[in-house]
Amino acid sequence: MSREWILHVDLDQFIAAVEILRNPELRGKPVVVGGSGDPAQPRTVAATATYEAREHGVHSGMPLRTALRRCPEAVFLPSDPPAYEAASERVMAVLREFPVRVEVWGWDEAFVGAATDDPEALAAELQQAVRARTELSCSVGIGDNKHQAKLASAFAKPAGIYRLTGDNWAEVMNDRPTDALWGIGARISKRLAALGLHTVAQLAAADPADLAGHFGPTNGPWYRYLALGKGEAEVVTTPWVARGHSRETTFPHDLTDRAEITRHVTELAERVARDAVAEGRQVIRVSVKVRFAPFLTRTRQSKLPAPTTDAGALSAAAVSVLGRFDLDRPVRLLGVAVDYTMPDT
DNA sequence: TCTGGGGTCCTAGGACCC
DNA sequence: TCTGGGGTCCTAGGACCC
């Protein structure tokens, strides 16, 4: 008797795997990918590191200069988003050939909805097809909903299959810390711990009204739902409509000259305008982000009088918003973000 | 370890209006 | 008149995720 399952397909070491596919000599070596690939460049971090590099204490998010210190023999490669995008599309195309529903969740992940009486067999077929057609390895999690399937794929790594459902949720998850849940990070986990809620089981047993008082009417009760193993179970196959778009730059060295800062904001706004035109979207709000040295981030935003994609109008708006900052400290990052008008609203 | 870039969603507070 | 309450819009910031 077949029923609905949610599978989470997670490509293993995706970025590194794509790089190794292009250059097989990298296989088995410590490889670090990030930025322009120059480990001497300050303020650049690793997007990913292979297991061989991780053995030296290198991990994603680590500054490249630190990675170089820890693993001088590592191969440093520049990040190449178009290559990852192309590889990702090949994988998603393989998944779509099955009689399933596919919801793409970033470059290296997808949720798959399927009616089957043997989800493990389907998972194995997906893995084999992806490997045969793209030479990429993936892990597959099986669940009643996206939350369970997502956690399950992490337990399946590398290249495995794992089932996490209401049947084994408590047994597998109850004693884990709250940040094991998908949607609870270090900050919330710490605040929960301060309330005496350290484990998933403790959070599941907490009073929803109490949680609402501490974390808001939506978030508080939602954290408890996560701890109970609940989650979204609908696989949406229609393409995602982006809410907005942004461009930002961290400068290798701080900016102090006002004219130079204004010039960079103008350029970022023009890039965002080109992106909006390319995506065929109208802009309704413009935000400017300034990160001051050493690491203080501030944003200012402004709703436009009317939707537009005009580069001149967007840069003028961004520069006007920039004028509301006190630029009395060195600047390490500038960003321009826009919100799009949404169809049917 | 001196901390990227690109997203999404939620919350809180003030303005404004009735 | 010195003062209520609700609804909505806008802004700034925080948290999370890949």
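Convention: sequence-line order gives letters A, B, ...; per-chain numbering from 1.
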Please report the distance separating the P of C:dC18 from the corresponding atom of B:dC2, rounded so that it comes out in whole Å. 25 Å

For A:F111 and A:W182, take the angle between the two ring planes, folded into 0 to 90°, and tell me which bin it lands in: parallel under 30, tilted 30 to 60, perpendicular over 60. tilted

Round to a whole Å and report the spacing from CD of A:Q41 to C1' of B:dT3. 15 Å

Do we see A:F295 stacking on the base of B:dT3, given a limit of 5.5 Å between centres and 30° between planes? yes

What distance, rounded to whole Å, do you find between the two C1' atoms, one in B:dC16 and one in C:dG4? 16 Å

Roughly, in whole Å, what's the span from NZ in A:K303 to P in C:dA12? 14 Å

Is the shortest side-chain heavy-atom distance between A:P78 and A:D80 below 4.5 Å? no

On the nucleotide B:dT3, are OP1 or OP2 found under 4.0 Å from the side-chain N or O atoms that A:T250 carries? no

When the distance from CZ of A:F292 to P of C:dA12 is rounded to whole Å, what number comes out? 13 Å

If I take atom NZ in residue A:K289 and atom C1' in nucleotide B:dT8, what distance separates them, rounded to the nearest angstrom? 13 Å

If you draw a 6.0 Å radius around NZ in A:K230, do more than 12 non-hydrogen atoms from other residues or ligands fall strictly inside? no

Of all the nucleotides listed (B:dT11, C:dT11, B:dC9), which has the minimum atom distance to the side chain of A:W240? B:dC9

Whether the A:T199 and A:N174 side chains hold a donor-acceptor pair (N or O, under 3.5 Å, no angle test) is what I'd like checked. no

Do the ring planes of A:Y84 and A:F14 sit parallel (below 30°), tilted (30 to 60°) or perpendicular (above 60°)? perpendicular

Ring centroid separation A:Y225 to A:H147 under 6.0 Å: no

Under 4.0 Å between a side-chain N/O of A:R291 and OP1 or OP2 of B:dG4, yes or no? yes

Within 6.0 angstrom of A:H214 NE2, more than 12 heavy atoms from elsewhere: no

Which part of the nucleic acid, if any, lies within reach of A:G35 when heavy atoms closer than 4.0 Å are counted: base, sugar-phosphate only, or nothing? nothing

Identity of whatever pairs with B:dC9 - Watson-Crick or G-U, under 3.5 angstrom: C:dG14

Which is more 5' along DNA chain B, the nucleotide nearest A:N219 or the one nearest A:G244? Just name the residue. A:G244

For A:D339 and B:dG7, give me the distance from atom CG to atom C1', rounded to whole Å. 11 Å

Quick one: is B:dG6 close enough that its OP1 or OP2 comes under 4.0 Å of any side-chain N or O from A:H245? no

Distance test, side-chain N/O of A:R324 to OP1/OP2 of C:dA12, below 4.0 Å: yes

In whole angstroms, the gap separating P of B:dT8 from OH of A:Y340 amounts to 9 Å

Output the single nucleotide from B:dG5, B:dT8, B:dT3 whose closest atom is nearest the side chain of A:R243. B:dT8

Using a 4.0 Å heavy-atom cut-off across all strands, classify A:P42 as base, sugar-phosphate, or nothing. nothing

Using a heavy-atom cut-off of 4.0 Å across all strands, would you classify A:A242 as base, sugar-phosphate, or nothing? sugar-phosphate

Let's see if you get this right: which residues in residues 65-73 of chain A place a heavy atom under 4.0 Å from DNA chain B? A:T66, A:R69, A:R70

Any chance you could lay out the side-chain hydrogen bond (donor to acceptor under 3.5 Å, both in side chains) test for A:T250 and A:R332, step after step, and finish with the verdict? CA-CA 6 Å; A:T250 293; A:R332 64 174 282 152; 5.3 Å; no

Can we say A:R90 and A:E135 salt-bridge, meaning some charged N sits less than 4.0 Å from an Asp/Glu carboxylate O? no

Could you tell me the separation between the CZ atom of A:F251 and the C1' atom of B:dC2, rounded to a whole number of Å? 18 Å

Quick one: does NZ or CZ of A:R298 land under 6.0 Å from the six-membered ring centre of A:F292, within 45 degrees of the ring axis? no

Tell me what A:W222 touches on the nucleic acid: a base, only sugar-phosphate, or nothing, going by heavy atoms under 4.0 Å. nothing

Categorize A:S302 for me: base, sugar-phosphate, or nothing, with a 4.0 angstrom heavy-atom threshold over every strand shown. sugar-phosphate

Between A:T218 and A:R271, the residue closer to the 5' end of DNA chain B by nearest nucleotide is A:R271

Quick one, give me the B/S/- string for nucleotides 13-18 of chain C, reading 5' to 3', where B means a protein heavy atom under 4.0 Å from the base and S means that only happens at the primed atoms, P, OP1 or OP2. S-SSSS

Without decimals, in angstroms, what is the distance between A:L64 CG and B:dG4 P? 11 Å

A:T44 side chain near B:dG4 phosphate (N/O to OP1/OP2, under 4.0 Å): no

Would you call A:R263 and A:E267 a salt bridge, taking side-chain N to carboxylate O under 4.0 Å as the test? yes

